[in-house]
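Remarks on the structure that follows.
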There are 2 protein chains.
Amino acid sequence: MTASIKDVARAAGVSPATVSRALGKGPISEALRAQVMEAVRATGYRPNLAARRLRSQESGTIGLILADIGNPFFTGVGRAVEEAAYQAGLRVILCNTDEDPAREAIYLRLMQEERVTGLILAPTLVTAERLARQPLGLPVVLIDRAGPPGRFDSVLLDNAAASGALVDHLVGQGYRRIAGLFGQTSGTGLERAAGYRAAMARHGLAARERFVLPQVAAAETALAALLAEPLPPEAVLASNSLLLMGLLRAARAAGRRIPDDLALAGFDNESWTELVEPGLTVIEQPLREIGRMAMTLLFDRLRAPEAPVRKVMLSGRCVVRGSTARRRVAAAVPG
Amino acid sequence: MTASIKDVARAAGVSPATVSRALGKGPISEALRAQVMEAVRATGYRPNLAARRLRSQESGTIGLILADIGNPFFTGVGRAVEEAAYQAGLRVILCNTDEDPAREAIYLRLMQEERVTGLILAPTLVTAERLARQPLGLPVVLIDRAGPPGRFDSVLLDNAAASGALVDHLVGQGYRRIAGLFGQTSGTGLERAAGYRAAMARHGLAARERFVLPQVAAAETALAALLAEPLPPEAVLASNSLLLMGLLRAARAAGRRIPDDLALAGFDNESWTELVEPGLTVIEQPLREIGRMAMTLLFDRLRAPEAPVRKVMLSGRCVVRGSTARRRVAAAVPG
DNA sequence: ACGGCAACTGAGAACGTTTTCACTGCCCGG
DNA sequence: CCGGGCAGTGAAAACGTTCTCAGTTGCCGT
């Protein structure tokens with residue numbers, strides 16, 4: 001088939017060991033090294049990674065398992081991870097689970113079989129639990145979602161603070177009846193809900209939270225229901241961008257003007273949140289920092305397997321746009 | 001470290017060969033198979049893919065090299081490819097080049113070293129050329145971008161027809177001065193430009209085309225320049241979603257109402273094209289079909305390495321929205 | 001009852017590397 | 001002038017599989 005190290009050795013008139021040394025590290029004379037390189041060129045030799053990995057017992061690879069590759073948050077983090085890994089001479093196996101625990105299980109098994117050096121993942125709630133009960137036997141760093149406390153190195157947005165910031169902002173703009181819509185499949189939704197609840201309590205306001213599947217359609221029906229209630233909310237907060245999109249669509253479908261009839265705020269500063277009219281107020285996550293920090297935690301863990309578990313919280317940035325403009329009290333509300 | 005097949009063999013009281021057969025295919029008694037499976041469970045054995053690949057001389061893996069993982073077009077196609085590969089029992093190595101020829105070169109080399117079974121990629125112009133001159137020695141299917149004619153199996157949108165459909169639509173809506181903005185790094189931009197040019201000629205209209213880097217900012221400056229010309233266009237067509245986004249931003253920045261002052265149309269039915277006011281008219285690409293067809297071509301090529309090269313063109317769907325509403329002739333244009 | 005065949009199992013080679021170990025010169029200090 | 005590193009090189013083992021080949025059964029047909 002393709003040329004092996006033996007073919008190169010033959011072509012260069014040296015032993016396979018010498019070729020290996022010329023390609024990698026090891027004592028070798030400059031003359032022979034050049035000779036070998038020439039033979040490599042002549043034969044079109046490409047090292048066989050499978051053989052290399054088998055012999056050296058290290059894959060030189062880390063796994064990156066993301067919940068939704070269509071979500072700019074994850075692609076952004078993924079880019080940063082890949083970049084950091086590449087600089088460290090590591091390859092990345094990228095997998096997409098679409099929030100499906102079955103696919104998560106498949107990929108986790110794959111990572112073991114690939115003998116990856118370490119793993120960065122954004123797990124669903126059930127998989128995080130399962131992982132805590134049955135460790136994989138390899139270094140794991142969680143991103144975006146917290147697992148059981150104290151079990152995994154993780155790098156997260158300070159979700160509670162971010163939700164709180166949104167609530168504070170809305171209250172500051174004059175809104176009082178603020179509802180919250182949260183995804184129910186990940187720990188992140190729960191944390192953001194908790195932050196929302198705490199902030200509302202701090203302001204002496206009643207929380208109104210709904211938990212739904214993280215899908216556009218789910219948010220649409222949820223908002224329709226909220227708007228049909230006796231005292232509909234003046235503002236709604238969504239815990240991720242899909243839900244926020246659903247809110248926008250449903251508000252428009254219901255003929256509500258934004259922000260006059262209904263203010264909206266959410267998470268993730270995707271390009272469309274700016275292009276839409278009015279622009280949507282969102283929490284922007286530090287994607288690159290999250291990715292880089294995840295790699296840092298992973299490296300540290302590899303270096304010190306028994307070091308205490310670390311949980312890094314990065315804070316988001318509140319990007320204020322028209323969807324949460326100061327509330328203009330309706331001209332005349334009888335009663 | 002982790003348990004090997006020998007450990008399992010010892011635990012089950014059989015030979016390694018038997019364990020291998022129990023796990024894979026091969027004649028083995030039901031009793032022993034159960035016995036082995038029990039030992040696998042007891043030892044927590046996970047097969048070592050590196051060893052398996054080395055011995056069996058097949059990676060069970062295909063490569064997928066995409067130009068921009070942040071682009072919903074590519075993530076959509078990637079999903080379909082991965083799904084089809086998984087059903088065929090193949091893994092996928094996913095790489096993102098960000099349109100950078102240097103990174104393409106790195107990943108192409110990686111694919112060779114991983115001994116992938118086949119490769120699906122969306123190359124830049126220069127890499128497609130290079131690949132035609134120096135074949136990789138493994139089956140390659142191009143997606144989204146045509147390489148040198150007759151050299152690679154490929155699956156593409158019928159770009160010329162799609163551009164033509166947009167022009168026809170605009171003309172039908174009453175627009176005459178229609179400019180086109182095209183990406184210059186990929187073959188796709190060129191094809192769409194050609195389709196635009198041909199359609200304009202068919203209608204007896206003068207083509208006005210600009211080639212720019214496929215970036216939002218590039219489109220913004222290009223449109224600003226176009227609008228500053230003596231007879232600014234009534235409509236502009238963009239060859240990809242980034243450029244379309246730039247057009248929208250620049251039009252708004254210039255205070256042009258859409259579609260009254262300027263109609264817009266482009267490619268790729270991303271979620272924001274619907275959410276924006278007015279909705280943008282776009283060509284929707286059949287993402288899943290493209291991905292599936294790419295896998296089909298790859299399988300066929302593996303089965304018949306010497307079969308003639310195939311080029312599959314899929315047609316897009318024109319999604320009409322408000323950005324190309326029928327032209328209302330300005331009330332009074334002196335002269 | 002015996003040869004042969006089918007079904008199953010084990011021993012061992014092989015896949016392409018890296019790495020240990022041993023060996024060869026050679027230089028240097030004594 | 002001789003012994004001891006030291007730098008460079010090759011031989012061979014090892015990594016964890018799969019697969020060929022050669023048994024070893026047990027069964028069937030005659």
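Please read all numbers here as calculations on a predicted model, not as lab measurements. Sequence lines set the chain letters: A, B, ... in the order given, protein chains first and strands last, and positions in each chain run from 1.
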Let me check something: any side-chain donor-acceptor pairs from residues 30-39 of chain A under 3.5 Å, sequence neighbours excluded? List them with distances.
residue : atom : partner : partner atom : Å
A/R33   : NH2  : A/A22   : O            : 2.8
A/Q35   : NE2  : A/A12   : O            : 2.8
A/E38   : OE1  : A/R41   : NH1          : 2.8

**Prompt:** What does A/R33 touch in the nucleic acid at a heavy-atom separation under 4.0 angstrom: a base, only the sugar-phosphate, or nothing?
**Reply:**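 Nothing: the residue A/R33, judged by heavy atoms under 4.0 Å, touches no strand.
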
Just how far, in rounded Å, is [atom2] of [N] from [atom1] of [X]?
{"X": "A/R10", "N": "C/dG16", "atom1": "CZ", "atom2": "P", "answer": "11 Å"}
{"X": "A/I5", "N": "D/dA12", "atom1": "CD1", "atom2": "P", "answer": "17 Å"}
{"X": "B/E58", "N": "D/dT17", "atom1": "CD", "atom2": "P", "answer": "16 Å"}
{"X": "A/R46", "N": "C/dG16", "atom1": "CZ", "atom2": "P", "answer": "16 Å"}

With B for base contact, S for sugar-phosphate-only contact and - for none (protein heavy atoms under 4.0 Å), nucleotides 6-15 of chain C reads --SBBB-BBB

For A/R46, the salt bridge (Lys or Arg N to Asp or Glu O under 4.0 Å) test, sequence neighbours excluded, returns none

One should read off an interatomic distance between B/I62 CD1 and B/R91 CZ, to the nearest 0.5 angstrom, of 11.5 Å

### Task
Under the salt bridge (Lys or Arg N to Asp or Glu O under 4.0 Å) rule, what do B/E191 and B/R145 come out as? Steps first, then yes or no, please.
CA-CA 9 Å; B/E191 289 186 7; B/R145 297 141 189 232; over 6 Å; no

For C/dT17, take OP1 and OP2 only and decide whether either is under 4.0 Å from a side-chain N or O of A/R53.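 So the side-chain polar atoms of A/R53 never come under 4.0 Å of the phosphate oxygens OP1 or OP2 of C/dT17.
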
By side chain to side chain donor-acceptor pair (under 3.5 Å), B/R301 pairs with (sequence neighbours left out) B/D153

For residues 291-298 of chain A, dump all side-chain donor-acceptor pairs below 3.5 Å to protein atoms at least two apart in sequence or in another chain.
residue : atom : partner : partner atom : Å
A/T296  : OG1  : A/R292  : O            : 3.0

Exercise for review: Assess the side chains of B/E104 and B/T124: does a donor N or O sit below 3.5 Å from an acceptor N or O?
Suggested key: yes

Query raised in the report: Is the CZ atom of B/R103 crowded by more than 12 outside heavy atoms at less than 6.0 Å?
Result: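 Atom CZ in B/R103 is crowded, with more than 12 foreign heavy atoms closer than 6.0 Å.
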
Listing for DNA chain D: consecutive Watson-Crick or G-U pair runs of at least 3, distance cutoff 3.5 Å, ranges ordered by first number, gives C:1-30 with D:1-30

